[in-house]
Amino acid sequence: MTLSRRAATEAWRLLGHLKETLGHPRRASWAVRSRRCRQCLCFMRKMLAAVSRVLSGASQKSASRVLVASRNFANDATFEIKKCDLHRLEEGPPVTTVLTREDGLKYYRMMQTVRRMELKADQLYKQKIIRGFCHLCDGQFLLPLTQEACCVGLEAGINPTDHLITAYRAHGFTFTRGLSVREILAELTGRKGGCAKGKGGSMHMYAKNFYGGNGIVGAQVPLGAGIALACKYNGKDEVCLTLYGDGAANQGQIFEAYNMAALWKLPCIFICENNRYGMGTSVERAAASTDYYKRGDFIPGLRVDGMDILCVREATRFAAAYCRSGKGPILMELQTYRYHGHSMSDPGVSYRTREEIQEVRSKSDPIMLLKDRMVNSNLASVEELKEIDVEVRKEIEDAAQFATADPEPPLEELGYHIYSSDPPFEVRGANQWIKFKSVS
């Protein structure tokens with residue numbers, strides 16, 4: 001138990017009176033000793049009451065954990081999910097799905113971790129600990145986020161050996177692909193412990209079978225088709241998820257990638273995260289066709305509720321199975337939303353109404369949707385999910401402390417990790433008289 005400064009001062013004063021009274025009874029009159037003793041007794045009663053409250057709270061928390069452990073939760077539950085719109089497909093993903101308690105708890109923890117991690121990144125950016133760019137899932141450096149169901153749901157529908165490439169809002173995908181929050185936040189703050197050794201920052205993060213965020217709008221899509229080509233060329237039963245936004249969907253290189261993937265029947269899932277407003281222009285004003293799942297024309301497509309993790313998971317499983325069967329590429333449009341503007345300079349309300357934002361926030365928040373399903377189906381209790389929230393917050397705080405205390409990479413390592421070679425070789429930098437050694 002921690003006392004306030006005022007309470008501690010009062011405690012020392014009363015204890016001093018008690019010592020004086022008991023140690024030197026003749027130095028004070030009976031009335032003074034009696035009054036001081038009453039004060040000490042009063043203080044002791046308050047202390048006992050405070051200790052009792054702390055112990056009672058700990059007991060209640062312990063009892064709560066025992067109750068959660070002893071409660072008979074359901075092992076799984078079946079849910080109806082929104083039917084996907086189809087293009088050039090006779091059948092689509094199922095309209096019902098089974099969620100196990102184990103998976104539900106895992107998805108909830110992952111989505112909360114992504115959200116809290118982005119909240120912390122937002123805070124570190126405003127404190128100027130993160131410098132340069134910091135692209136969060138929601139666009140603006142304000143939360144809560146809304147696109148956690150996309151990154152967690154996509155990961156739930158594929159294998160760890162599959163591949164994923166995306167644009168520069170990559171923090172959530174970096175986490176779901178297996179990197180720790182510590183490595184991600186340290187990368188954002190430019191520290192040696194970051195996933196790219198502090199050299200990539202917000203836009204350039206990498207993990208096993210994850211090819212990072214890419215800063216050029218739409219340029220990751222042809223790269224994703226190339227990764228899918230490698231999967232097919234090497235004869236591996238793997239697919240590549242290639243992500244882009246509705247703003248990038250009008251890039252010509254995306255249609256070139258569609259064409260090559262269809263010609264060569266590449267195992268590529270093209271995924272458009274449609275949050276409806278790009279950088280601040282509604283899709284209706286930016287595109288002649290807002291049916292992004294039909295943009296592949298000759299490539300089959302799905303339009304999916306991107307706010308529902310179960311919809312995303314089932315659609316991804318369906319698309320991955322389609323690609324693995326040798327039929328070629330498929331296109332998915334994830335209909336999602338962002339509550340705030342695209343950047344700090346965008347208030348986000350000049351091109352849409354506050355009522356629209358509030359309606360989505362109150363009805364379609366992905367974490368709340370999953371939480372309600374689990375609680376109402378006896379897959380988890382509110383208390384259990386609150387305990388997960390506390391654990392996630394602690395993990396984020398510990399990672400943030402590491403990300404601010406870890407040293408920055410020294411200047412002499414600027415040319416390291418550019419190429420993977422054995423033995424390492426020298427790389428000439430911008431200054432032709434200075435050479436750097438490439439070390440993998």
D308 vs R373, test: salt bridge (Lys or Arg N to Asp or Glu O under 4.0 Å). Steps then yes/no. CA-CA 11 Å; D308 183 348; R373 276 175 168 163; 2.7 Å; yes

Please evaluate residues D297 and R88 with respect to the criterion side-chain contact (heavy atoms from CB on, under 4.5 Å), reporting the C-alpha separation (whole Å), side-chain torsions for both, the decisive distance (0.1 Å), and the verdict. CA-CA 9 Å; D297 189 11; R88 289 184 176 268; 4.1 Å; yes

For M117 and F175, run side-chain contact (heavy atoms from CB on, under 4.5 Å): C-alpha distance rounded to whole Å, both residues' side-chain angles, the deciding distance at 0.1 Å, then the answer. CA-CA 10 Å; M117 179 177 67; F175 174 72; 4.2 Å; yes

Kindly indicate, with the supporting measurements, whether the criterion side-chain contact (heavy atoms from CB on, under 4.5 Å) is fulfilled by R115 and D365. CA-CA 12 Å; R115 178 168 291 189; D365 183 81; 2.9 Å; yes

Kindly determine whether E384 and R71 satisfy side-chain contact (heavy atoms from CB on, under 4.5 Å), including the steps that lead there. CA-CA 11 Å; E384 185 177 19; R71 181 171 169 179; over 6 Å; no

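When all heavy atoms of L379 and A74 are compared, the pair lying nearest together is CD2-O, 3.5 Å. For E314 against P94, the heavy-atom pair with the smallest separation is OE1-CG, 3.7 Å. Contact between A262 and I299 at its shortest, heavy atoms only, is CB-CG1, 4.1 Å. Shown here for V114 and E148, the closest heavy-atom pair between the two residues is CG1-CG, 4.0 Å. Of all non-hydrogen atoms in T96 and I81, the two that sit nearest each other are N-CG1, 4.2 Å. T336 approaches C150 most closely through the heavy-atom pair CB-SG, 4.2 Å.
In this structure, CG on L266 lies 11.5 Å from CD1 on I227, to the nearest 0.5 angstrom. For the atom pair CG of L223 and OG1 of T166, the computed distance is 12.0 Å after rounding to the nearest 0.5 Å. Taken from CG in L154 to CE in M332, the straight-line distance is 5.5 Å, to the nearest 0.5 Å. C151 SG to L241 CG: the interatomic distance, rounded to the nearest 0.5 Å, is 12.0 Å. Considering SG of C272 and CG of L334, their distance stands at 8.0 Å, rounded to 0.5 Å. Atoms CD and CG, from E333 and L302 in turn, are 10.5 Å apart once rounded to the nearest 0.5 Å.
Put simply, the side chain of K83 never gets that close to the backbone of G92: no donor and acceptor are under 3.5 Å apart. Side-chain atoms of D291 do not come within 3.5 Å of backbone N or O of Y293 as any donor-acceptor pair. Checking side-chain atoms of E413 against main-chain N and O of P410 turns up no donor-acceptor pair under 3.5 Å. Judged by distance alone, the side chain of D406 and the main-chain N or O of F402 form no donor-acceptor pair under 3.5 Å. A donor-acceptor pair is defined here as one N or O able to donate and one able to accept, closer than 3.5 Å; no such pair exists between the side chain of R182 and the backbone of S180. With E187 contributing its side chain and K199 its backbone, the two residues share a donor-acceptor pair below 3.5 Å. Panel note: side chain T189, backbone A186; a donor-acceptor pair is recorded below 3.5 Å. Remark: side-chain polar atoms of E408 are not paired, donor with acceptor, to backbone N or O of G190 under 3.5 angstrom. D103 places no side-chain N or O within donor-acceptor distance of the main-chain N or O of L99, the cut-off being under 3.5 Å. A distance-only check finds a donor-acceptor pair linking the side chain of N378 to the backbone of N72 [under 3.5 Å].
Within 6.0 Å of CD on Q127 lie more than 12 heavy atoms contributed by other residues, nucleotides or ligands. For K197, the NZ atom counts as loosely surrounded, since its 6.0 Å shell holds 12 or fewer non-hydrogen atoms of other residues, nucleotides or ligands. The 12-atom threshold is not exceeded at CD of E80, counting heavy atoms of other residues, nucleotides or ligands nearer than 6.0 Å.
Looking only at atom types and distance, the side chain of N274 has no donor-acceptor partner in the side chain of R303 under 3.5 Å away. With 3.5 Å as the limit, one finds no donor-acceptor pair spanning the side chains of Q123 and K126.
D389 is linked by a salt bridge (charged side-chain N to carboxylate O under 4.0 Å, His left out) to nothing, counting only residues two or more places apart in sequence or in another chain. E155 is linked by a side chain to side chain donor-acceptor pair (under 3.5 Å) to R177, counting only residues two or more places apart in sequence or in another chain.
Residues I158 and E238 fail the side-chain proximity criterion, which asks for heavy atoms closer than 4.5 Å. Using a 4.5 Å cut-off on side-chain heavy atoms (C-beta onward), S202 and H171 make contact. Using a 4.5 Å heavy-atom threshold, the side chains of N259 and F298 count as touching. Looking at L164 and N209, their side chains never come closer than 4.5 Å, going by heavy atoms from C-beta outward. In this structure, L179 and Y206 have side chains that are not in contact, with every pair of non-hydrogen atoms separated by 4.5 Å or more. Contact check for R116 versus E395: no side-chain heavy atoms found under the 4.5 Å cut-off. Side-chain atoms of L385 and L105, non-hydrogen and from C-beta on, do get closer than 4.5 Å to each other. Between C323 and I330, some side-chain heavy-atom pair lies under the 4.5 Å cut-off.
The pair K120-E397 counts as a salt bridge, with a side-chain nitrogen and a carboxylate oxygen less than 4.0 angstrom apart. The residues R109 and E391 are annotated as salt-bridged, a charged nitrogen and a carboxylate oxygen being separated by less than 4.0 angstrom.
Among residue pairs with one or both ends in residues 214-272, those qualifying as ring pair (Phe, Tyr, Trp, His ring centres under 6.0 Å) are F255-Y258, Y258-F270; sequence neighbours excluded.
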